[in-house]
Structure formats: C-alpha cells, structure tokens
Amino acid sequence: MEKPLIFNPEGDREASKRRIIKGNPTNIMELNNVKYQWAFDLYKTMGFTNFWIPEEISMMEDRKQYERVLSAHEKRAYEMVLSFLIALDSYQVNMLKEFARFLTAPELTMAITAQEFQEALHSYSYQFILESVVDPVKADEIYNYWREDKVLMERNRVIADLYNDFVRKQDEETFLKAVFGNYVLESLYFYSGFAFFYTLGRQGKMLSTVQQIKYINRDELTHVSLFRNIILTLKKENPELFTPEMEKWVKEFFRYAASEEIKWGQYVTRNQILGINDQLIDRYIKYLANLRLTQIGYEPVFPDVTENPMKWIDTFRTINDTKTDFFQAKPQTYAKRSELKW
C-alpha cells in the first residue's frame with residue numbers, strides 16, 4: 001500500500017471520487033462537500049459533544065473503599081483490569097496514526113484524529129484513577145503487570161500482533177486484518193473489564209471509577225460505529241480484498257478473540273466476584289461477539305447464545321437521563337446526548 005502525499009496538487013477535488021483507501025486526494029481539508037457524512041458526524045460527536053475531564057470526578061471515596069471495603073479478590077481484579085485497559089488504549093493512540101496515513105478522505109482522517117485524542121484521554125484517565133486510588137509504588141506495579149503476568153502478556157499480544165504485522169508489512173491484507181483487529185478491540189475487548197467495574201458499581205462500590213468508565217464506554221461506542229462503517233464501506237469500494245480466505249479468517253479470528261477474552265475475564269475474576277461468574281462472562285462475551293459480527297454482515301459464530309445475559313449493564317450507558325448524574329449528585333454538562341445505541 002502507498003501512503004498518499006501530504007499535498008497532492010494533481011489530486012481529485014470532487015467528493016464523489018473520495019475513497020476510504022487507495023483514492024487520489026489533494027489532502028486539503030475541503031469540507032464544503034463530504035462523501036462520508038457518518039465520518040464527519042462522528043468527528044463532531046467525538047470532538048465537541050462527548051467531551052469530559054477526568055479531574056472533574058472526585059476519587060476520594062474510591063480510595064477509601066479500595067483500602068477498606070474491597071475484598072482481596074476485588075482488589076486484584078480492579079488492578080488487573082486497569083492494567084489491561086491501559087495497554088489497549090496505548091495501542092490505539094499509536095495505531096490510529098498508522099491507519100490515518102493510508103486514508104484518502106479528509107472527513108475520515110478527521111474522525112480518526114478525534115478518536116486518537118479520545119484514546120489519549122482514556123490513557124490519562126487510567127493514570128488519574130491509579131494515582132488517585134493507590135499509592136505510587138502500587139500504581140507503578142500495575143502499569144507493569146504485563147511484564148510479570150504471563151496471561152496478561154498473552155492477552156496483550158492478540159491485537160498487538162495484528163498491528164505489528166501491519167507496521168512491518170503495510171500491505172492490503174495486513175491493513176484489513178488490522179482494521180478487523182481494531183473493531184474487535186473496540187467492540188469486544190473492553191467489555192469484560194467494563195462488566196467488572198459495573199458489577200462493583202451495582203453494589204455501590206468504586207462509583208467514581210465507574211463514572212470514569214461510563215464516559216470511556218460511551219466514547220468506545222462511537223469508535224465501534226466508526227470502524228463498523230469503515231468495514232462496511234471497504235466491502236463496497238474494495239470487494240477484491242474480501243476474499244473467501246479473508247472471510248474465513250474473520251470468523252475464525254472472532255471465535256479466537258472471544259475465547260481469549262472469556263479466558264481473561266475468568267482469570268481476572270476467578271469466580272470470586274459477587275454478581276459475576278464464569279458462566280456469565282462466557283455467555284456475555286459470546287453474545288457480544290455475535291452482535292458485533294452481525295453488525296458487519298456476518299453470521300454469528302456462537303449460534304447457541306442469542307440473548308444478553310447481563311442486560312442490566314445497559315443501564316450504565318445512560319449518562320444524562322436526568323439533570324443529576326446516575327451515581328453522583330452533581331450536574332453533568334459534558335455531553336448533550338443521553339445514550340448511544342449503535
């Protein structure tokens with residue numbers, strides 16, 4: 001694959017000629033006409049509507065609960081989940097730059113740039129959570145769990161290996177696989193971690209952490225929508241990339257990715273967290289894998305799972321259904337949109 005020039009005087013101005021990849025753009029941000037309205041709308045949502053500041057959420061009560069209320073199993077899971085989420089968003093900050101250099105529509109480049117900002121904000125949020133809740137020595141240990149924990153190291157590699165393959169080869173096959181990897185990361189790999197935090201929140205524990213996660217979760221849903229639209233548009237514009245071998249790989253990768261997420265969720269919680277157990281994690285992740293596959297035009301890979309076993313989690317996506325925040329008695333004015341359903 002070739003990267004488009006930073007400035008291409010011989011490029012096409014017409015919006016109708018724009019393509020996700022392999023177009024011929026001038027690379028001037030002409031936005032009086034856009035081809036991919038969904039990308040421009042998501043750019044504005046990510047950049048202007050879904051804005052929040054981690055410091056606006058006081059973490060003092062969470063620090064007290066971490067020290068005095070959480071069980072040893074809950075503390076371990078809290079730390080392990082944060083360590084994994086830190087890795088995921090770290091990948092995104094760096095990989096989105098790689099994606100952006102091959103895109104050939106300005107509105108899409110802007111959307112990816114907005115996503116990159118949000119991923120950096122998420123990384124900062126995790127740092128803010130850690131430094132607010134645990135002491136500096138413990139925070140440093142949590143950042144580096146992947147160096148000591150073999151299971152976490154293997155989890156980090158599932159998506160990172162796809163990204164590294166693209167960085168090394170930068171061909172059409174590795175690009176498309178990395179796009180699917182991104183979709184899996186955004187739509188599946190955050191969710192057992194989110195489910196753990198929401199389980200704590202359901203019991204009145206670590207509510208400020210849960211509030212931070214709610215904002216991150218909302219952002220991730222826009223990222224899911226962005227890459228879902230990218231995949232569906234690539235299918236139309238570049239059908240030659242979606243060979244039978246690639247279609248087979250997608251289904252196998254989703255099955256593998258889901259199994260790895262299930263193993264991870266069960267390893268983290270050890271069937272010792274009130275409100276969530278191995279069976280629930282198994283069925284929840286399989287349900288999500290099926291949902292995300294059908295949203296990009298594929299058949300489910302776990303046909304025996306047809307319903308969400310943890311429907312109560314949907315409650316946590318609602319941020320501004322009233323004038324007062326769901327968890328804290330303070331106004332929330334960062335987002336005008338009350339719920340995201342993609």
Worksheet entry | Where Leu188 and Glu261 come nearest, the two heavy atoms and their spacing | O-OE2, 3.6 Å
Item to complete: State whether Glu107 and Arg18 are salt-bridged, where the test is any N-O pair (Lys NZ or Arg NE/NH1/NH2 against Asp/Glu carboxylate O) under 4.0 Å.
Response: yes
Worksheet, complete the sentence: Rounding to 0.5 Å, atoms CG (Asn238) and CD1 (Ile21) come to a distance of 4.5 Å
Worksheet item: With the threshold set at 4.0 Å, does a side-chain nitrogen-carboxylate oxygen contact exist between Lys248 and Glu245?
Response: no
Discussion item. I'd like to know if the side chain of Ser208 reaches the main chain of Ser58, judged simply by a donor and an acceptor atom lying under 3.5 Å from each other, with no hydrogens or angles considered.
Written reply: yes
Discussion item. Tell me whether Arg292 contacts the main-chain N or O of Ser187 through its side chain, where contact means a donor paired with an acceptor under 3.5 Å.
Written reply: yes
Worksheet item: Do Leu291 and Asn308 touch side chain to side chain, with heavy atoms closer than 4.5 Å?
Response: no
Worksheet item: Is the backbone N or O of Ile296 less than 3.5 Å from a side-chain atom of Lys235, with the two atoms forming a donor-acceptor pair by type?
Response: yes
Worksheet, complete the sentence: Taking every heavy atom of Phe128 against every heavy atom of Pro54, the minimum-distance pair comes out as CE2-O, 3.3 Å
Worksheet item: Can any side-chain N or O of Ser83 pair as donor or acceptor with the backbone N or O of Ile142 at less than 3.5 Å?
Response: yes
Worksheet item: Under the 3.5 angstrom rule, does the side chain of Thr45 hit a backbone N or O of Asp41 as a donor-acceptor pair?
Response: yes
Worksheet entry | Between OH on residue Tyr198 and CG on residue Asn217, distance to nearest 0.5 Å | 3.5 Å
Worksheet item: According to a 4.5 Å side-chain heavy-atom criterion applied to Ile, Leu, Val, Met, Phe, Trp and Tyr, with indirect links allowed, do Leu103 and Val93 form part of one hydrophobic cluster?
Response: no
Worksheet item: Is there a path of hydrophobic side-chain contacts, each under 4.5 Å between heavy atoms of I, L, V, M, F, W or Y residues, that connects Met206 with Ile313?
Response: yes
Worksheet item: Are Phe197 and Leu121 co-members of a hydrophobic cluster defined by side-chain heavy atoms under 4.5 Å apart?
Response: yes
Practice prompt. State whether a side-chain donor-acceptor pair under 3.5 Å links Thr222 with Asp219.
Written response: no
Worksheet item: Taking the side chain as C-beta and beyond, is there a heavy-atom pair between Trp249 and Phe180 under 4.5 Å?
Response: yes
Practice prompt. Determine whether Phe242 and Val250 make a side-chain contact, defined as any pair of heavy atoms from C-beta on separated by less than 4.5 Å.
Written response: no
Worksheet item: Are Met46 and Leu226 close enough that some pair of their side-chain heavy atoms sits under 4.5 Å apart?
Response: yes
Discussion item. Using the ring centroid of each side chain, check whether Phe99 and Phe227 are separated by less than 6.0 Å.
Written reply: yes
Discussion item. For Ile20, is there any backbone N or O sitting under 3.5 Å from a side-chain donor or acceptor partner on Tyr36?
Written reply: yes
Discussion item. Looking at Lys138 and Glu79, is there a salt bridge between them, counting it only when a charged N and a carboxylate O are closer than 4.0 Å?
Written reply: yes
Worksheet, complete the sentence: Nearest heavy-atom contact between Leu96 and Asn182 is CD2-ND2, 4.0 Å
Item to complete: Examine Met246 and Phe175 and state if one hydrophobic cluster contains both, with Ile, Leu, Val, Met, Phe, Trp and Tyr joined whenever side-chain heavy atoms are less than 4.5 Å apart.
Response: yes
Discussion item. Restricting to side chain to side chain donor-acceptor pair (under 3.5 Å), what partner residues turn up for Asp282, sequence neighbours left out?
Written reply: Lys286
Worksheet item: Is there a ring pair (Phe, Tyr, Trp, His ring centres under 6.0 Å) between Phe84 and Phe196 once you walk through the steps?
Response: CA-CA 13 Å; Phe84 183 46; Phe196 164 72; over 10 Å; no
Fill in: Any Met310 side-chain heavy atom under 4.5 Å of Leu280 side chain
yes
Worksheet item: Taking everything shown except Gln37 itself, do over 12 heavy atoms lie less than 6.0 Å from its CD?
Response: yes
Worksheet item: If you count the non-hydrogen atoms of other residues, nucleotides and ligands that lie under 6.0 Å from CD in Glu240, is the total more than 12?
Response: yes
Item to complete: Spell out, as yes or no, whether a donor-acceptor pair under 3.5 Å connects the side chain of Asp89 to the backbone of Ser123.
Response: no
Item to complete: Would you tell me whether Gln92 and His223 have side-chain atoms, one donor and one acceptor, within less than 3.5 Å of each other?
Response: no
Discussion item. Less than 4.5 Å apart, side chain to side chain, heavy atoms only: is that true for Gln272 and Arg76?
Written reply: no
Fill in: Residues Gln170, Lys3; criterion side chain to side chain contact (heavy atoms under 4.5 Å, CB included); working and verdict
CA-CA 10 Å; Gln170 296 192 341; Lys3 297 177 182 177; 3.9 Å; yes
Fill in: Sequence neighbours excluded - salt bridge (Lys or Arg N to Asp or Glu O under 4.0 Å) pairs with any residue from residues 113-135
Lys97-Glu116
Practice prompt. Indicate yes or no: does Arg255 engage Glu252 in a salt bridge with an N to O separation below 4.0 Å.
Written response: no
Worksheet item: Any side-chain heavy atom of Ile159 within less than 4.5 Å of one from Met95?
Response: no
Worksheet entry | Donor on one side chain, acceptor on other, Tyr189 and Glu220, under 3.5 Å | no
Worksheet item: So does Glu173 pair up with Lys177, basic N to acidic O under 4.0 Å?
Response: yes
Worksheet item: Between Gln65 and Gly204, which heavy-atom pair has the shortest distance, and what is it?
Response: NE2-O, 3.4 Å
Worksheet item: Between CG of Leu200 and CG of Leu207, what distance do you get to the nearest 0.5 Å?
Response: 9.5 Å
Worksheet item: Got a second to check how far Ile6's CD1 is from Thr26's OG1, nearest 0.5 Å?
Response: 12.0 Å
Worksheet item: Should we say atom CE of Met29 is surrounded by more than 12 heavy atoms from elsewhere, each under 6.0 Å from it?
Response: yes
Worksheet item: Does atom CZ of Arg157 have more than 12 heavy-atom neighbours from other groups under 6.0 Å away?
Response: no
Discussion item. Checking the side chain of Thr233 only, and the main-chain atoms of Ile230 only, is there a donor and an acceptor separated by less than 3.5 Å?
Written reply: no
Discussion item. Quick one about Glu98 and Tyr163 (side-chain donor to acceptor, distance below 3.5 Å, no hydrogens or angles considered), yes or no?
Written reply: no
Worksheet entry | Co-members of Ile28 in a cluster of I, L, V, M, F, W and Y side chains, linked at under 4.5 Å | Phe7
Discussion item. If you count every heavy atom of other residues, nucleotides or ligands that lies below 6.0 Å from Glu67 atom CD, does the total exceed 12?
Written reply: yes
Worksheet item: Donor-acceptor pair, Asn229 side chain versus Ser225 backbone, under 3.5 Å?
Response: yes
Worksheet item: Given the rule in the ring pair (Phe, Tyr, Trp, His ring centres under 6.0 Å) test, do Phe48 and Tyr43 qualify, once you have shown the distances and angles that lead to the verdict?
Response: CA-CA 8 Å; Phe48 309 129; Tyr43 160 71; 5.6 Å; yes
Worksheet item: Within 45° of the ring axis of Tyr267 and under 6.0 Å from its six-membered ring centre, is that where the NZ or CZ of Arg155 lies?
Response: no
Worksheet item: Would Tyr287 and Phe302 count as a ring pair (Phe, Tyr, Trp, His ring centres under 6.0 Å) if you check the C-alpha gap in whole Å, the side-chain angles of each, and the deciding distance to 0.1 Å?
Response: CA-CA 8 Å; Tyr287 163 79; Phe302 303 106; over 10 Å; no
Practice prompt. Over all heavy atoms of both residues, which pair between Ile273 and Ala77 is shortest? Give the atoms and the distance, please.
Written response: CD1-CB, 4.4 Å
Discussion item. For Tyr78 and Thr209, which I'm curious about, is there any donor-acceptor pair between the side chains at under 3.5 Å?
Written reply: yes
Fill in: Arg68 side, atom CZ; Arg63 side, atom CZ - distance, nearest 0.5 Å
10.5 Å
Practice prompt. Specify the closest pair of heavy atoms between Asn290 and Pro303, including all atoms of both residues, with the distance to one decimal.
Written response: ND2-N, 4.5 Å
Discussion item. I'd like to know whether CD of Glu307 has more than 12 heavy-atom contacts from other residues, nucleotides or ligands below 6.0 angstrom.
Written reply: no
Discussion item. I need the Ile281 CD1 to Ile262 CD1 distance, nearest 0.5 Å.
Written reply: 9.0 Å
Practice prompt. Please answer whether the main-chain N or O of Asp278 pairs with a side-chain N or O of Gln266 as donor and acceptor at a distance below 3.5 Å.
Written response: yes
Worksheet entry | Single-linkage hydrophobic cluster Val69~Val210, side-chain heavy atoms < 4.5 angstrom | no
